[in-house]
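Here the structure is laid out as structure tokens; the discussion comes afterwards.
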There are 2 protein chains.
Amino acid sequence: MKRDSRLSGLLHVLLHMAGREEPVTSETLARIMQTNPVVIRRIMAGLRERGHVRSGKGHGGGWVLACDLADITLRDVHEALGEPQLLAIGHRTEAPSCLVEQAVNAALADSFREAEAMLLARLGTITLAMLHADFSTRLALRARPEGSCP
Amino acid sequence: MKRDSRLSGLLHVLLHMAGREEPVTSETLARIMQTNPVVIRRIMAGLRERGHVRSGKGHGGGWVLACDLADITLRDVHEALGEPQLLAIGHRTEAPSCLVEQAVNAALADSFREAEAMLLARLGTITLAMLHADFSTRLALRARPEGSCP
DNA sequence: CATCATGTAATTATAAAAGTTACATGAAAA
DNA sequence: TTTTCATGTAACTTTTATAATTACATGATG
């Protein structure tokens with residue numbers, strides 16, 4: 001199965017937008033992400049509808065963050081993408097007439113629901129501000145590798 | 001993304017084999033599963049290597065369970081399938097040079113690892129015997145719907 | 001009003017599972 | 001021992017999802 005990497009990509013874009021006052025064009029973001037501007041517009045659409053980002057047309061247009069990084073969780077971003085499937089495995093048939101298959105589906109559904117709920121809850125606790133802090137830490141570590149003096 | 005339903009399908013097949021002494025052919029199992037015999041052989045291969053089932057060629061050949069249903073967990077079956085991806089979402093790049101993307105990947109990886117571990121642990125607690133019991137319960141309920149007298 | 005940037009529909013490329021075909025291997029029956 | 005049956009696999013096709021691309025409409029700015 002092909003894994004959906006839109007969440008990862010969208011987070012990447014959002015962090016690159018952080019701190020910038022001027023709008024960033026889809027063209028620029030696409031270069032950072034090594035993809036196509038249309039892909040950027042597509043994955044940003046949900047965030048715009050939810051008011052997390054704003055977009056402007058024409059000269060000086062582009063994308064800007066519309067709220068604080070601390071106010072967006074990874075779950076928000078996931079929802080903005082239309083809440084795509086989190087689990088890669090599923091049932092063969094949605095409403096099987098076979099009782100054996102019904103039992104299998106019921107058992108799997110319970111576990112999968114639990115795992116999804118747990119993952120969603122976890123995503124809800126991580127804000128973009130936390131990711132940004134993590135990024136800053138990495139930047140400091142790279143600039144001043146372990147063992148070196150401040 | 002297309003969801004992997006091999007686990008569900010394999011469990012279905014195994015439960016249909018339960019209790020049968022004589023070998024069941026891939027042909028028969030494929031009819032039950034409404035699929036192709038080759039698909040059956042493919043998903044059963046891992047279980048055979050691990051000794052959970054045996055297969056025989058020629059006349060009177062086919063598949064038989066090689067152990068008690070209580071001794072196979074859903075996790076065993078998942079492993080027999082080659083431990084396919086459980087999560088449908090992943091990273092864009094495996095080893096990104098961009099520090100921002102590294103931070104994103106690290107944050108996601110933590111949560112995903114946790115969710116996967118939790119799901120695997122859960123699968124490890126469910127045996128085929130439990131699924132079989134669930135099936136039997138459903139059978140009894142269908143034969144004697146709620147409200148009817150024993 | 002020309003240019004720039006988004007908005008979106010339509011099309012093509014890509015990747016993984018599922019399904020199919022073809023044939024080799026080996027066991028049991030005739 | 002030869003025929004038949006069933007597995008074991010490799011190779012190929014189909015299916016279905018995301019991702020990438022193309023094309024063009026919309027609207028803002030200089």
Side-chain angles (χ1 to χ4, degrees), chain A residues 1-10 12-13 17 22-49 53-64 66 78 80-94, chain B residues 1-10 12-13 17 22-49 53-64 66 78 80-94:
Chain A
M1 145 244 24
K2 198 174 190 173
R3 296 174 88 185
D4 181 346
S5 67
R6 286 178 299 165
L7 179 61
S8 156
L10 188 42
H12 188 184
V13 162
M17 287 169 61
E22 335 74 62
V24 192
T25 66
S26 306
E27 175 68 34
T28 300
L29 293 173
R31 256 199 308 278
I32 292 172
M33 292 273 299
Q34 299 176 77
T35 183
N36 194 291
V38 177
V39 173
I40 300 293
R41 293 184 196 124
R42 202 146 53 199
I43 63 179
M44 298 284 277
L47 286 171
R48 182 185 52 229
E49 283 161 20
V53 298
R54 272 190 295 268
S55 64
K57 291 179 173 179
H59 283 104
W63 301 90
V64 283
H78 175 250
L81 283 171
E83 303 193 59
Q85 282 294 339
L86 288 173
L87 296 179
I89 59 185
H91 309 145
R92 253 171 26 89
T93 320
E94 216 43 62
Chain B
M1 142 244 26
K2 199 174 187 172
R3 295 173 89 185
D4 182 346
S5 67
R6 286 178 299 165
L7 179 62
S8 157
L10 189 42
H12 187 184
V13 162
M17 288 169 61
E22 334 76 60
V24 192
T25 65
S26 305
E27 174 69 34
T28 301
L29 293 174
R31 256 200 308 278
I32 291 171
M33 291 271 301
Q34 301 178 77
T35 182
N36 194 290
V38 176
V39 173
I40 301 293
R41 296 186 194 121
R42 204 144 55 197
I43 63 178
M44 298 285 276
L47 286 171
R48 183 185 53 230
E49 284 162 20
V53 298
R54 273 191 295 270
S55 64
K57 291 180 172 179
H59 282 104
W63 301 89
V64 283
H78 176 250
L81 283 171
E83 304 192 58
Q85 283 292 340
L86 288 172
L87 296 179
I89 57 184
H91 309 144
R92 253 171 26 89
T93 319
E94 216 43 63

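Reminder, nothing fancy here: chain letters follow the sequence lines and each chain counts from 1. Just so you know, these numbers come straight off a predicted model, no measurement behind them.
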Contact string for nucleotides 22-30 of chain D, one letter per nucleotide 5' to 3', B = base within protein heavy-atom range under 4.0 Å, S = sugar-phosphate only, - = neither, reads B---BBBB-

Show every donor-acceptor pair shorter than 3.5 Å between a side-chain atom in residues 31-49 of chain A and any protein atom, with sequence neighbours excluded, or say none if there are none.
from, atom 1, to, atom 2, distance (Å)
A:R31, NH1, A:E27, OE2, 3.3
A:N36, OD1, A:V38, N, 3.0
A:R41, NE, A:S26, OG, 3.4

Classify the side chain of [X] versus the base of [N] as yes if they form a donor-acceptor pair under 3.5 Å and no if they do not.
{"X": "B:R3", "N": "D:dT18", "value": "no"}
{"X": "A:R48", "N": "C:dG7", "value": "no"}
{"X": "A:R42", "N": "D:dA20", "value": "yes"}

Between [atom1] of [X] and [atom2] of [Y], what distance do you get to the nearest 0.5 Å?
{"X": "A:H12", "Y": "A:M17", "atom1": "NE2", "atom2": "CE", "value": "12.5 Å"}
{"X": "A:Q85", "Y": "A:R3", "atom1": "CD", "atom2": "CZ", "value": "14.0 Å"}
{"X": "A:L86", "Y": "A:H78", "atom1": "CG", "atom2": "NE2", "value": "4.0 Å"}
{"X": "A:L87", "Y": "B:D4", "atom1": "CG", "atom2": "CG", "value": "11.5 Å"}

I want to check one thing: is the phosphate of [N], taken as OP1 and OP2, less than 4.0 Å away from some side-chain N or O of [X]?
{"X": "B:T25", "N": "D:dC5", "value": "no"}
{"X": "B:T35", "N": "C:dG19", "value": "yes"}
{"X": "B:S55", "N": "D:dA6", "value": "no"}

Across the strands shown, which category fits B:R54 at heavy-atom distances under 4.0 angstrom: base, sugar-phosphate, nothing?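 Counting heavy atoms under 4.0 Å across all strands, no contact is made by B:R54.
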
Under 4.0 Å between any heavy atoms, over every strand shown, what does A:R6 touch: base, sugar-phosphate, or nothing? Just pick one.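 If one applies the 4.0 Å heavy-atom cut-off, A:R6 turns out to touch the sugar-phosphate alone, with no base involved.
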
Value in whole Å for how far the [atom2] atom of [N] lies from [atom1] of [X]:
{"X": "B:L7", "N": "C:dA17", "atom1": "CG", "atom2": "P", "result": "14 Å"}
{"X": "A:I43", "N": "D:dT21", "atom1": "CD1", "atom2": "C1'", "result": "16 Å"}
{"X": "A:Q85", "N": "D:dT18", "atom1": "CD", "atom2": "P", "result": "10 Å"}
{"X": "A:Q34", "N": "D:dT21", "atom1": "CD", "atom2": "P", "result": "12 Å"}
{"X": "A:E27", "N": "C:dG7", "atom1": "CD", "atom2": "P", "result": "15 Å"}
{"X": "B:D4", "N": "C:dG19", "atom1": "CG", "atom2": "C1'", "result": "14 Å"}
{"X": "B:I89", "N": "D:dA17", "atom1": "CD1", "atom2": "C1'", "result": "15 Å"}
{"X": "A:W63", "N": "C:dT6", "atom1": "CH2", "atom2": "P", "result": "7 Å"}

Distance-only polar pair, side chains of B:T25 and B:T28, donor-acceptor under 3.5 Å: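 On atom types as modelled, these side chains qualify, holding a pair under 3.5 Å.
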
Non-hydrogen atoms of B:P23 and B:G61 that approach each other most closely: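 Shortest heavy-atom separation between B:P23 and B:G61 comes out as CB-O, 3.6 Å.
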
